[in-house]
Amino acid sequence: MGFGFTYDEDQLSLQRTVRKFTDNEIIPVRQHYDETEQFPWPEVKKMHELGIHCMNAPEQYNGMAFSNVTLCMVTEEICRGCLGIAITPLANMLASEPVLYGGTPEQWDWWFPSICQEGKLASYAVTEPGAGSDVANIATTCRRDGDYYLINGVKIFITNGRHADKFTVLATHDRSKGNRAQSFFMVDAKTEGVSIGKSEHKMGMRCSETSEVIFDNVRVHKSMRLGEEGDGFKLAMKAFNSSRPFIAAASVGVAQGAFEVARDYARERKAFGKNIASFQAVQFMLADMAMEIEASRLLYQKAAWLLDEKLMAADLSAMSKCFAADMAMRTTTNAVQILGGYGFCRDYPVEKMMRDSKILQIFEGTSQIQRVIIGKSVIG
Ligand SMILES: Cc1cc2nc3c(=O)[nH]c(=O)nc-3n(C[C@H](O)[C@H](O)[C@H](O)COP(=O)(O)OP(=O)(O)OC[C@H]3O[C@@H](n4cnc5c(N)ncnc54)[C@H](O)[C@@H]3O)c2cc1C
């Protein structure tokens with residue numbers, strides 16, 4: 001088993017393609033979508049045409065079946081442009097993780113074709129009003145009724161929620177039994193009893209759709225359950241272990257975008273008769289940004305590589321996400337600082353990047369929860 005620090009020719013070519021796409025198709029429209037909060041359907045369709053709509057989907061459904069290393073590389077490139085636009089395909093991937101880990105071939109046949117071929121969207125529905133970090137404590141129930149389950153409960157903050165064609169939904173058979181009594185289900189959004197509640201107006205990632213999804217006596221056949229009864233929590237944790245490196249890559253993308261704006265601005269902006277880039281205080285901020293971006297990139301690449309080698313490491317996944325998300329918050333904040341008053345205004349993209357970054361420390365496990373996971377691992 002080898003270890004390398006370079007992408008191969010195919011990966012480099014893909015990276016160039018996605019970088020060009022980001023420059024030409026995402027960066028010019030990001031401010032419009034941030035201000036209007038419109039869902040970016042045209043860009044979502046273009047990402048589907050480019051093949052990055054659900055990057056972990058298997059090849060037999062026209063999916064790209066990218067390795068984790070490759071899909072993280074692509075994620076960094078699109079998030080350099082706009083996290084709000086890029087989050088839609090990332091949510092498709094997250095929703096698909098429990099299906100990839102727990103699904104049978106028949107279940108894959110039900111889940112993937114509409115996403116891969118028709119460009120439909122999917123959502124991962126775990127969080128509830130009373131349980132976010134504490135996944136073991138969810139209250140949505142799944143009660144067995146012959147060959148069916150009846151799902152009842154409310155999920156909140158669901159990315160893609162209003163536009164999703166299908167959901168992966170975590171529910172409990174018996175809340176008093178905690179995480180051992182949970183199951184994951186695939187649910188068609190058109191099933192009777194599924195409805196969408198309010199959409200959130202957010203600080204950042206404003207064009208992405210985040211909504212409440214309500215399950216009111218939703219009848220789901222037992223063939224839609226992923227894995228055995230009681231496997232739900234395990235599948236949720238596997239999904240998070242796989243998704244955290246790509247959220248780390250998204251963080252690196254946002255930070256890289258902010259760094260580039262700040263560096264270019266510092267080269268041009270004059271104060272006291274000099275370019276501000278010539279002041280050591282500014283140079284050191286840029287140096288710290290570059291150093292921390294590179295360290296975060298290496299960490300997500302290692303976490304992704306471990307996943308590809310089937311050496312899934314929950315602590316490394318958590319480290320990559322936590323380190324990169326905290327770094328993105330610092331880097332975008334310093335990018336605003338380097339642009340001074342202009343940084344605080346909407347004519348430049350760094351204030352948006354700073355607002356967007358905040359979510360990276362919150363979803364798919366807050367930075368505190370990542371430290372809980374890492375802490376448990378280091379103390380054995
Ligand atoms: C824009 C957006 C999109 C989202 N998309 C999705 C989605 O698609 N699907 C989905 O299921 N969920 C989604 N979420 C939900 C997200 O994953 C949760 O918000 C997140 O896990 C935190 O849960 P919470 O909001 O309930 O906060 P809480 O769990 O209530 O945490 C509040 C605070 O307490 C801290 N805390 C909690 N427990 C501990 C502990 N043990 N030790 C130390 N500190 C702790 C947290 O770090 C945090 O600072 C999304 C959220 C947002 C805002």
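Here, residue 1 is the first one in the sequence, and each next residue gets the next number. The analysis underlying the following values was restricted to heavy atoms, covering all of them including side chains, and did not include hydrogens, waters or symmetry mates. Remember, it's 1-based here, ligands and their atoms both numbered in the order they're listed.
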Top protein contact for atom 42 (N) of ligand 1, by heavy-atom distance: V372 CG2, 3.8 Å
Protein contact to atom 20 (C) of ligand 1 [nearest heavy atom, distance to 0.1 Å]: I362 O, 3.5 Å
Atom 44 (N) of ligand 1 [closest protein heavy-atom partner, distance rounded to 0.1 Å]: Q368 CB, 3.5 Å
Structural part of V126 in contact with ligand 1, heavy atom criterion under 4.0 angstrom: both
Presence of salt bridge, E49 and K46, under 4.0 angstrom: no
Would you give me the side-chain donor-acceptor pairs under 3.5 Å for residues 274-282, sequence neighbours excluded?
unit_1	atom_1	unit_2	atom_2	d
N275	OD1	K270	NZ	3.1
N275	ND2	R267	O	3.1
S278	OG	N275	O	2.6

Which residue and heavy atom of the protein sit nearest atom 36 (N) of ligand 1, plus the separation: S133 OG, 4.5 Å
Contact (N/O only, under 3.5 Å) between Y124 and ligand 1: yes
Best match, G132, A122, G375, A164: closest heavy atom to atom 23 (O) of ligand 1: G132
Pair K198 + E212: basic N to acidic O under 4.0 Å: no
Presence of salt bridge, R144 and E229, under 4.0 angstrom: yes
For T159, the ligand 1 atoms whose distance to one of its heavy atoms is below 4.0 Å: 3 (C), 4 (C), 5 (N), 6 (C), 7 (C), 8 (O)
Salt-bridge present (K352, D356; N to O < 4.0 Å): yes
Sequence neighbours excluded - side-chain hydrogen bond (donor to acceptor under 3.5 Å, both in side chains) pairs with any residue from residues 248-258: Q256-E260, Q256-R297
Shortest protein heavy-atom distance from atom 6 (C) of ligand 1, along with the residue and atom involved: F157 O, 2.7 Å
Per-atom contacts, ligand 1 versus T366 - under 4.0 Å to a heavy atom: 22 (C), 46 (C), 47 (O)
Aromatic plane relationship, Y148 with H221 - under 30° parallel, 30 to 60° tilted, over 60° perpendicular: perpendicular
Side-chain donor-acceptor contact under 3.5 Å, D326 with S367: yes
Salt bridge flag under 4.0 Å for residues E200 and K202: no
For atom 53 (C) of ligand 1, the protein heavy atom that lies nearest, with its residue and separation: I359 CD1, 3.3 Å
Contacting atoms of ligand 1, where contact means under 4.0 angstrom from a heavy atom of M205: 1 (C)
Sub-4.0 Å atoms of ligand 1 with respect to non-hydrogen atoms of E364: 17 (O)
Atom 39 (C) of ligand 1: nearest protein contact (heavy atom, Å): I369 CD1, 3.7 Å
Note: D34-R355 ion pair, threshold 4.0 Å (strictly below): yes
Any non-hydrogen protein atom less than 4.0 Å away from atom 14 (N) of ligand 1: yes
Flag: protein heavy atom within less than 4.0 Å of atom 33 (C) of ligand 1: no
Which segment of K155 sits under 4.0 Å of ligand 1 when only heavy atoms are counted: neither
More than 12 heavy atoms of other groups within 6.0 Å of K238 NZ: no
Identity and distance of the protein heavy atom lying nearest atom 10 (C) of ligand 1: T127 OG1, 3.3 Å
Region of K202 engaging ligand 1 - heavy atom pairs below 4.0 Å: side chain
Ring center gap for F184 and F167 short of 6.0 angstrom: no
